[in-house]
Amino acid sequence: MKIRVLGDGYFKLDKSYLVYTKYMGTIYKACFNVLYVEAGGERILVDTGIGELPEKYRKFYPVERKPEEALEARLKSIGVEPGKITLVINTHLHFDHCGNNKLFRNATFLVQVDELRYAYYPDRFMKGGYIREQFDIPGISIEPLYGYREVVEGVEVIPTPGHTPGHQSVVLTRDDGVQVVFCGDAAPLSENLERENIPGIVYSPVSALESIKLLKQLRADVYIYPHEPIPPDKLKLIEQG
Ligand SMILES: [Zn+2]
């Protein structure tokens, strides 16, 4: 199994969106960690960053991105053309996790059915996270998942609802036994997992806490948080092998 951590630049948001009832008024510059995984003959992406937001949303979420930081450029830098991606796992359909879905025309998208359904008609208090142009791409192939799924050997998705109704996290078990967990926004920052502080944007606070406890129980060797830079030593461990 080959794992590479990619990105898609940065965006600024109030940090209270990431940690429930904390940091109000603190502006946080968030990265987008995206995973590229080769396993079982598949070329897999986990989440796709923020992409290009429709014009009317740009002032709310200013994106900072050099050309070489864009997901497509990052993929090309490791020798992968977007058309070569065979599977995309979207942890959920918030606009900053599926923004480049449209680039991957030959991929099958693996999304929990609860998330797909909810994205089209979110409750009013969750509407801000879903931008239809980002996830409703004509002609792409979507395979709805109904809970746990082994995607290929060593790549599993587990439901971790709470942040959204159909959120899922990804568990990677490398050939050398090292386990890497991509939390998705079940834990956007390390503090969410380590201090059991639920995300600030949350559909069900109780489910969010249960999902954090489930992720911790996995006792993975490395956890990847989508919106926090990965320390160099951890990055080395993730990408080795
Ligand atoms: Zn989210």
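Once rounded to the nearest 0.5 Å, the distance linking CZ of Arg117 with CG of Leu93 reads 13.5 Å. Atom CD1 of residue Ile140 and atom OG1 of residue Thr108 lie 9.5 Å apart, to the nearest 0.5 angstrom. Summarising the geometry, atom CG belonging to Leu193 is positioned 13.5 Å from atom CD1 belonging to Ile198; distances are rounded to the nearest 0.5 Å.
For the side-chain hydrogen bond (donor to acceptor under 3.5 Å, both in side chains) with Arg149, the qualifying choice from Glu156, Glu143, Gln168 is Glu143, the only one to do so.
By the 30° and 60° cut-offs, the orientation of the rings of Phe95 relative to Phe11 is perpendicular.
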Identify each donor-acceptor pair in which a side-chain atom of residues 183-190 lies under 3.5 Å from a protein atom, sequence neighbours left out, and give them as a table.
from: Asp185; atom 1: OD1; to: His97; atom 2: NE2; distance (Å): 3.3
from: Asp185; atom 1: OD1; to: His227; atom 2: NE2; distance (Å): 3.4
from: Asp185; atom 1: OD2; to: His92; atom 2: NE2; distance (Å): 3.2
from: Asp185; atom 1: OD2; to: His97; atom 2: NE2; distance (Å): 2.9
from: Asp185; atom 1: OD2; to: His163; atom 2: NE2; distance (Å): 3.3
from: Ser190; atom 1: OG; to: Glu228; atom 2: OE1; distance (Å): 3.2
from: Ser190; atom 1: OG; to: Glu228; atom 2: OE2; distance (Å): 2.8

Please list, one pair per line, the donor and acceptor atoms closer than 3.5 Å that link side chains of residues 49-56 to other protein atoms, with sequence neighbours excluded.
from: Glu52; atom 1: OE2; to: Arg65; atom 2: NH1; distance (Å): 3.2
from: Glu55; atom 1: OE1; to: Arg58; atom 2: NH1; distance (Å): 3.2

Anything under 3.5 Å between a donor and an acceptor, one on a side chain of residues 200-207, the other on a protein residue two or more places apart or in another chain? List them.
from: Ser204; atom 1: OG; to: Ser207; atom 2: N; distance (Å): 3.1
from: Ser204; atom 1: OG; to: Ser207; atom 2: OG; distance (Å): 3.0

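Aromatic pair Phe135/Tyr120: ring centres closer than 6.0 Å.
With hydrogens and angles ignored, the 3.5 Å screen pairs a side-chain donor or acceptor of Asp14 with a backbone N or O of Gly25. In this structure, the side chain of Ser77 engages the main chain of Arg74 through a donor-acceptor pair within 3.5 Å. Between the Arg174 side chain and the Ile3 main chain, no donor and acceptor come within less than 3.5 Å of each other. Between the side chain of Asn33 and the main chain of Ile224, no donor-acceptor pair closer than 3.5 Å is present. Remark: the backbone N or O of Lys84 is paired with a side-chain donor or acceptor of Arg43 at under 3.5 angstrom. Remark: side-chain polar atoms of Asp47 are paired, donor with acceptor, to backbone N or O of Thr91 under 3.5 angstrom. No donor-acceptor pair under 3.5 Å is formed between the side chain of Asp8 and the backbone N or O of Phe32.
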Next item on the list: Show your reasoning for whether side-chain contact (heavy atoms from CB on, under 4.5 Å) applies to Leu110 and Asn90.
Entry: CA-CA 6 Å; Leu110 304 176; Asn90 286 124; over 6 Å; no

Notebook entry, point to check: Given Lys29 and Glu64, is the side-chain contact (heavy atoms from CB on, under 4.5 Å) satisfied, shown in steps?
Noted result: CA-CA 9 Å; Lys29 185 177 170 183; Glu64 289 180 21; 3.2 Å; yes

Next item on the list: Take Thr86 and Glu42, measure what side-chain hydrogen bond (donor to acceptor under 3.5 Å, both in side chains) needs, and give me the verdict at the end.
Entry: CA-CA 6 Å; Thr86 55; Glu42 305 283 355; 2.7 Å; yes

Notebook entry, point to check: Where do Ile137 and Ile142 land on the side-chain contact (heavy atoms from CB on, under 4.5 Å) test, with the steps shown first?
Noted result: CA-CA 10 Å; Ile137 314 295; Ile142 297 177; over 6 Å; no

Margin query: Evaluate Gln134 against Ile131 for side-chain contact (heavy atoms from CB on, under 4.5 Å), listing each step before the verdict.
Written below: CA-CA 6 Å; Gln134 304 280 89; Ile131 297 177; 3.7 Å; yes

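Checking Asp123 against Tyr118 by side-chain atom types alone, a donor-acceptor pair falls below 3.5 Å. When only modelled atom types and interatomic distance are considered, Glu115 and Thr164 share a side-chain donor-acceptor pair under 3.5 Å. When only modelled atom types and interatomic distance are considered, Tyr57 and Glu133 share no side-chain donor-acceptor pair under 3.5 Å. For the residue pair Thr160/Ser169, the side-chain donor-acceptor check at 3.5 Å is satisfied. If you check the side chains of Asp221 and Gln179, you find no donor sitting under 3.5 Å from an acceptor.
Residues Val19 and Glu191 approach most closely at CG1-OE2, 3.4 Å, considering heavy atoms. Annotation for Gln240 and Asp176: closest pair NE2-OD2, 4.1 Å, computed over non-hydrogen atoms. Pairing each heavy atom of Leu71 with each of Thr48, the nearest pair is CD2-O, 3.5 Å. Counting all heavy atoms, side chain and backbone alike, Glu239 lies closest to Arg4 at O-NH1, 3.1 Å. Minimum interatomic distance between Phe104 and Pro82 (heavy atoms only, all atoms of both residues): CD2-O, 3.5 Å. Taking each heavy atom of Asn106 and Gly83 in turn, the nearest pair found is ND2-O, 2.9 Å.
Lys213 has its side chain within reach of Glu196: a pair of non-hydrogen atoms, C-beta onward, lies under 4.5 Å apart. The closest side-chain heavy-atom distance from Leu172 to Leu35 is below 4.5 Å. Considering only heavy atoms from C-beta on, Ile44 stays 4.5 Å or farther from Ile85 through its side chain. Between Tyr130 and His94, the closest side-chain pair of non-hydrogen atoms falls below 4.5 Å. With a 4.5 Å cut-off on side-chain heavy atoms, Tyr225 and Glu194 count as touching. Looking at heavy atoms from C-beta onward, Glu210 lies out of side-chain contact with Leu214 at the 4.5 angstrom threshold. By the 4.5 Å heavy-atom criterion applied to side chains, Val180 and Leu237 are not counted as neighbours. When side chains are defined from C-beta on, Val63 does not count as touching Tyr10, because their heavy atoms never get closer than 4.5 Å.
Hydrophobic clustering keeps Val155 apart from Val181 (ILVMFWY residues linked when any side-chain heavy atoms are closer than 4.5 Å, directly or through intermediates). If you chain together hydrophobic residues whose side chains sit under 4.5 Å apart, Leu18 and Ile230 never meet in one group. At a threshold of 4.5 Å between side-chain heavy atoms, the hydrophobic network of Ile, Leu, Val, Met, Phe, Trp and Tyr places Val157 and Phe182 in one connected group. Connection of Leu235 to Val37 is established within a shared hydrophobic cluster, with ILVMFWY side chains joined at heavy-atom distances below 4.5 Å, either directly or through further cluster members. Residues Leu87 and Leu45 are members of separate hydrophobic clusters, defined by side-chain heavy-atom contacts under 4.5 angstrom among Ile, Leu, Val, Met, Phe, Trp and Tyr.
Heavy atoms from other residues, nucleotides or ligands lying under 6.0 Å from OH of Tyr20 number 12 at most. The number of heavy atoms from other shown groups lying within 6.0 Å of CZ (Phe125) is above 12. For CD of Glu153, the number of neighbouring non-hydrogen atoms (other residues, nucleotides, ligands) closer than 6.0 Å is 12 at most. Residue-environment remark: NZ (Lys22) exceeds the threshold of 12 foreign heavy atoms within 6.0 Å.
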